[in-house]
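Following: one structure in structure tokens, then a few remarks.
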Amino acid sequence: MTATETYKVGARSGVGVSSQRPDAVPKATGEFSFSSDLSSHNMLWGKTLRSPHPSARIRNIDYSEALAISGVHAILTASDVPGKNLFGLEHPDQPVLADDIVRYAGEPIALVAAEHPEIAADAISRIHVDFEVLNPLVDAESAVTADPIHPEGNVIRHLVIDYGDPTSSGDVTVEGTYEVGMQDQAFMGTESGMAVPSPDGSVDLYISTQWLHSDQNQIIEALNLPEDMVRLTLAGVGGAFGGREDVSMHVHLCMLALHTGRPVKMIYDRNESFLGHVHRHPAKIWYRHHANKDGLLVKVEGKIILDGGAYASTTSAVLANACCFSTGPYKVDNAQIEGWGVRTNNPPCGAMRGFGNVQTCFAIEAQMDKIASALDIDPVELRLKNALEPGDQIITGQKITGAAPVKEVISSLADHPMPEPAINDLLARPGGTGRTTDQKHVKRGVGFAVSIKNLMFAEGFDDSSEALCEVNDGSVAIHTACVEVGQGFVTLVHQIAEEVLGVSDITVIPADTSIGSAGSTSASRQTWMSGGAVLKACEAVVVNLIEQIAEEEGVKYENLDGALVSEDGTKTIPIAEALRGRSFQEKVVHRHAPTFPLDEKGQGNAHVSFAFAAHRAVVDVDQELGLVRVVEIATSQDVGRILNPIQAVGQIEGGITQGLGLAVLEELVMKNGVIQNANFTDYLLPTALDTPPIEIASLIEEPEPGAPFGAKGIGEPPTISSTPAVVAAIRDATGLDLRRVPVRPEDIALE
Amino acid sequence: MIMEVLIASSAEEICELLGQDNSRQLLAGGTDFMVEVNYRHRSPSSVIAIDRVPELRNWHHDGDSVVIGSCVTYREIERGPLATLVPALAQAARTVGSPQIRNAGTIGGNIGTASPAGDMIPVLSALGAEVSLRSSEGKREISLDDLIVGVKQTSLGQGEFIESVRVPVLESPQEFLKVGSRSAMVISVTSLALITYPKTQSVGIGLGAVNPRPTRARQAEEFIKDFLNWESMQVDPSGLDHFKELVSEASRPIDDHRSIAAYRRHSIGVLAQRALTRIFSERSPSV
Ligand SMILES: Cc1cc2nc3c(=O)[nH]c(=O)nc-3n(C[C@H](O)[C@H](O)[C@H](O)COP(=O)(O)OP(=O)(O)OC[C@H]3O[C@@H](n4cnc5c(N)ncnc54)[C@H](O)[C@@H]3O)c2cc1C
């Protein structure tokens, strides 16, 4: 079944139907206003000067020539940062503007505001920086012991998980070292925003981001302003995938606006966008798996090195994920895992869809196939044997208390019919429009992979979201700071409010910092967190409504399926009707169950909930040329409950495509600390011709306790095991080991 | 910062405008030019837009050859009568960029950019294309192989521009194959054109993305002659390994972010063998 066949977009709203996104048509027709469309009277254009060197000392910055250009209104450097010249998502370790040292190629050094973007660009080219170029540290492994490149040292986090009996061993062991290249979020809309100063010295920032309040906290520190003087409003976001979780131009825009007293806008071009946000951590992973003759896992030993680049960003949390789930969705009683998140002079890495699980899943699934082959067990059967079940423990000692339909996910996918044999079409073969491959050069392969992903923030983080539900004579307005990055939260707000209140006149108030934090749109968390907050706020309205009526009529009503039913059962009023002529304002803060830090052995209830997915890839490979065509990817996913089927399918199709990209195409190629392909000519995203039909074998709906409507996050799992499934399929077709992604033509053809 | 854009309406006018100021730069489809302007790799003060000049936009079938105006787009080359007359050029055109790029990008611009990865280049080279150049001083013809002298370098004189390209109409099989990591819209990692010349019982092989300038695999062309049967359109497979080697040896590829030299050397040989055996079926010598 495909998305369009299965789920017809319905006009009716409420939870569980494919109600149409309010922004669908405007986005399709180009009328939607993205952050790059912002404009204001009297606006200036900002531009950033960035370091061409991955490691250098700044001896001097001479901007006199640039400042003399007519139309240039400001040039700012590190000494102009009003507050702390440091920011950072988890903790501040990154300069807003480089002071004496630059630690990665692309690090911001100076800012320009000018009448026109061309004048700003011209000014940038006339700022002369005298660098003492230093030798960059670019190898993550040697970073652990190398001279520190930052006052905080090179090891951002070292994490050990010591679980069970380290002396245990199995009948067979398989070992391998794996590598993951640097993937980028490559969202379509580059970074852009506009800061508007006020006469009182405060500033409004309109920005595309993932987390307004985290941005605000970092900006006020750098600007040295109180919270109420830096107000953020979400501007139209053109995709995020983790790459907008960190601050990019935010402080820069505010500095320029406050300095010039005029609105200032910035848009990164594609090249600058690749330099201006964090990437997926490149990883090097070693594993030794021990299993019994019958295929049951006995012990997993692993060493994981993540290259965090020059600044911390979310490296510490990404490493925790990589380590906590380093044994995959499988039950194993013993594990010895050691992980390092290190600092190098490579570009900073941070959040990207899958967040640490992507890297280890690629390696784990290769190991599982090696065990299967060593024991001559079918790879699917091996996975079924070892699959986690509800009540099992993961290697942090945490018991899975919620839904864990791992076996259902695996077997439903395994039962799904295979695609048709290849059709006789040159364009459908590996090589595509290049006409390289005849049918006789094609070998078909099939690969299977399974993944686990934790949902929401972890390790004791106080994770919350606030929502306001305002009812005025039957019409409803909902306010949160939840960022819509394309995932469809705006649709969900309508659905939830309609489900609870039965009203269809619902307004979603723009996300801004005038309400409490919603947390980040990441970690597959917003449906649970902000969706949960909206649900609670709407429910609070109903509770108040019942109280009001009780006071007025002296009759107690109960909420039964969207209608108020009197205690004696004689009277029924639809909630929507009861709301008419009344006003309510309910604000609630929603939190998930608390989590706890990991102890020195990596043990603890650090996570909230888990989601599982399985992917089966079918590929055609032209081994002599090393060209791959993915023919089909099929999936089953544990979703808790589907709140909007077409949106669920959208997440799954997009996520799988991103996983396919990492498998065979997407990599920022580094040379001595400098990105070689910071453009869409050479950073190769899958085109329509590279993206195969995506078959949904099954969406397993086992409601998750504690989640609104039982819905699990579904955004990340599709990206995680799709990559190893594709690579396993290439191995199946070629017999090659393939220990690195993306798999390049030369990795296949020259082996 | 001010950029003057002059819109030419005839080839004559281009000559005049260049005659007045030969630092003026030519803008055809702009698919290379504008990328360079946007990234400030090029900041011309005066630009002549040539894409509306009728003579440059047209092509005509002239006896044994076809003359293609420099502003003919990939869209026009990839289908219709031109595609029948010069099939390898059409096969190459279909691999260029996206439909938007093919609607705007021109054959003259591809030559003007003179990138080693330009997809028209190996085809034109294998076809022995002659390029007509023009300036206020007059006209001259030069082979494509002589026009492109290095990576993004041509021997165009001051005030000179490309008027058209002449290629033979052969009515015999031609093949263009291109390797890229992606199935579409990708810059060549390697590409190869193989043109058959039944009259001289020879093949022309143009190599793409493996040399700084247009390159024919002359030794391979020469060597394989003895293994081809033009009546049965068969190739004696015992010659294929060496043929492949000779093609690889004609390449001088580099390592870069798109690929590595070793793979380029390998794949160019594979493409040559595949192109040849698509046209000439393999006949075992013992049969
Ligand atoms: C997204 C994208 C994908 C691309 N994919 C490919 C691809 O797959 N394969 C490929 O080969 N190329 C590709 N290109 C590059 C480009 O499209 C081609 O090289 C195209 O042929 C350039 O033609 P144009 O008409 O746009 O030239 P322009 O950009 O207008 O000009 C290019 C250069 O040629 C000069 N010039 C133009 N016309 C003349 C003339 N008549 N006489 C003298 N000089 C002249 C110009 O001054 C300029 O230096 C791609 C470009 C983009 C943006």
Side-chain angles (χ1 to χ4, degrees), chain A residues 69 71 116 118-119 121-122 124-125 269-271 426-438 440-441 622 624-630 661 664-671 675-691 742-750, chain B residues 1-3 31-32 35 37-41 43 78 88 90-98 101-102 117 119 175-192 208 244 255-271 273-275 277-278 282:
Chain A
I69 299 171
H116 189 276
E118 281 300 311
I119 302 177
D122 191 34
I124 288 289
S125 71
D269 63 26
R270 184 57 60 189
N271 174 242
L426 194 55
L427 287 189
R429 287 188 207 124
T433 57
R435 310 174 68 257
T436 50
T437 305
D438 301 315
K440 63 182 175 201
H441 307 122
D622 175 343
E624 194 180 18
L625 284 177
L627 300 175
V628 175
R629 187 63 171 268
V630 182
V664 291
L665 290 170
E666 293 183 43
E667 179 175 13
L668 285 174
V669 179
M670 302 300 305
K671 190 173 172 188
I675 300 174
Q676 301 298 297
N677 56 336
N679 54 65
F680 276 162
T681 310
D682 289 315
Y683 184 86
L684 300 179
L685 292 167
T687 67
L689 216 51
D690 301 283
T691 310
V743 178
R744 299 159 294 202
E746 60 263 34
D747 299 332
I748 299 172
L750 301 186
Chain B
M1 202 99 51
I2 288 171
M3 185 162 85
T31 59
D32 280 321
V35 176
V37 169
N38 286 340
Y39 277 110
R40 304 174 69 82
H41 299 150
S43 22
E78 71 182 336
Q91 290 164 7
R94 286 180 209 124
T95 73
V96 174
S98 57
I101 296 295
R102 296 198 291 277
D119 285 318
E175 283 286 335
F176 173 83
L177 285 73
K178 162 172 162 178
V179 171
S181 315
R182 189 158 70 181
S183 296
M185 202 160 102
V186 66
I187 305 294
S188 285
V189 165
T190 51
S191 68
L192 178 136
K244 204 166 130 183
D255 285 332
D256 65 11
H257 55 277
R258 289 187 192 133
S259 188
I260 55 172
Y263 175 77
R264 287 189 162 111
R265 206 172 295 117
H266 161 81
S267 58
I268 197 85
V270 174
L271 293 186
Q273 179 179 352
R274 291 191 181 178
T277 55
R278 259 186 210 164
E282 288 177 58

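Closest heavy-atom contact between B/M185 and B/S98: SD-CB, 3.3 Å. A pairwise comparison of heavy atoms in A/R629 and A/G432 identifies NH1-CA, 3.8 Å as the closest pair. Nearest approach of A/P686 to A/T691, heavy atoms of both residues: CB-OG1, 3.8 Å. Between B/A275 and B/L177, the shortest heavy-atom contact is CB-CD1, 3.9 Å.
Note: A/N271 leads A/T681, A/N271, A/L627 in heavy-atom pairs under 4.5 Å with chain B. Contact count against chain B (heavy-atom pairs under 4.5 Å) is highest for A/P745 among A/P430, A/P745, A/G431, A/A749. Counting heavy-atom pairs closer than 4.5 Å to chain B, the top residue among A/D438, A/V628, A/L427 is A/D438. Looking only at heavy-atom pairs under 4.5 Å with chain B, the residue among A/V669, A/N677, A/D269 that has the most is A/D269. Per-residue counts of heavy-atom pairs under 4.5 Å with chain A were compared for B/R182, B/K178, B/H257; the largest is that of B/R182. The greatest number of non-hydrogen atom pairs below 4.5 Å with chain B, out of A/L684, A/L625, A/L689, A/T437, is found for A/L625.
Interface residue A/L426: only side-chain heavy atoms are found under 4.5 Å from chain B. For chain B, no part of A/R429 is nearby; none of its heavy atoms comes within less than 4.5 Å. With a threshold of 4.5 angstrom between heavy atoms, B/R278 approaches chain A through side-chain atoms but not through N, CA, C or O. For A/D622, the part sitting under 4.5 Å from any heavy atom of chain B is the side chain, from C-beta outward, and nothing else. Within the 4.5 angstrom heavy-atom criterion, no atom of B/V189 approaches chain A. Residue A/N679 does not touch chain B at all, counting heavy-atom pairs closer than 4.5 Å. For B/R258, the part lying near chain A is the side chain, with the backbone staying farther off; criterion is any non-hydrogen pair under 4.5 Å.
The side chain to side chain donor-acceptor pair (under 3.5 Å) test with B/E78 singles out one residue from B/R94, B/Q91, B/R102, and that residue is B/R102.
Ring planes of B/H41 and B/Y39: parallel class, angle under 30° (limits at 30 and 60°).
A salt bridge links B/E175 to A/R435: one of the charged nitrogens lies within less than 4.0 Å of a carboxylate oxygen.
The backbone N or O of B/S183 sits less than 3.5 Å from a side-chain atom of A/D690, completing a donor-acceptor pair.
With values rounded to the nearest 0.5 angstrom, A/Y683 atom OH is found 11.0 Å from A/R270 atom CZ.
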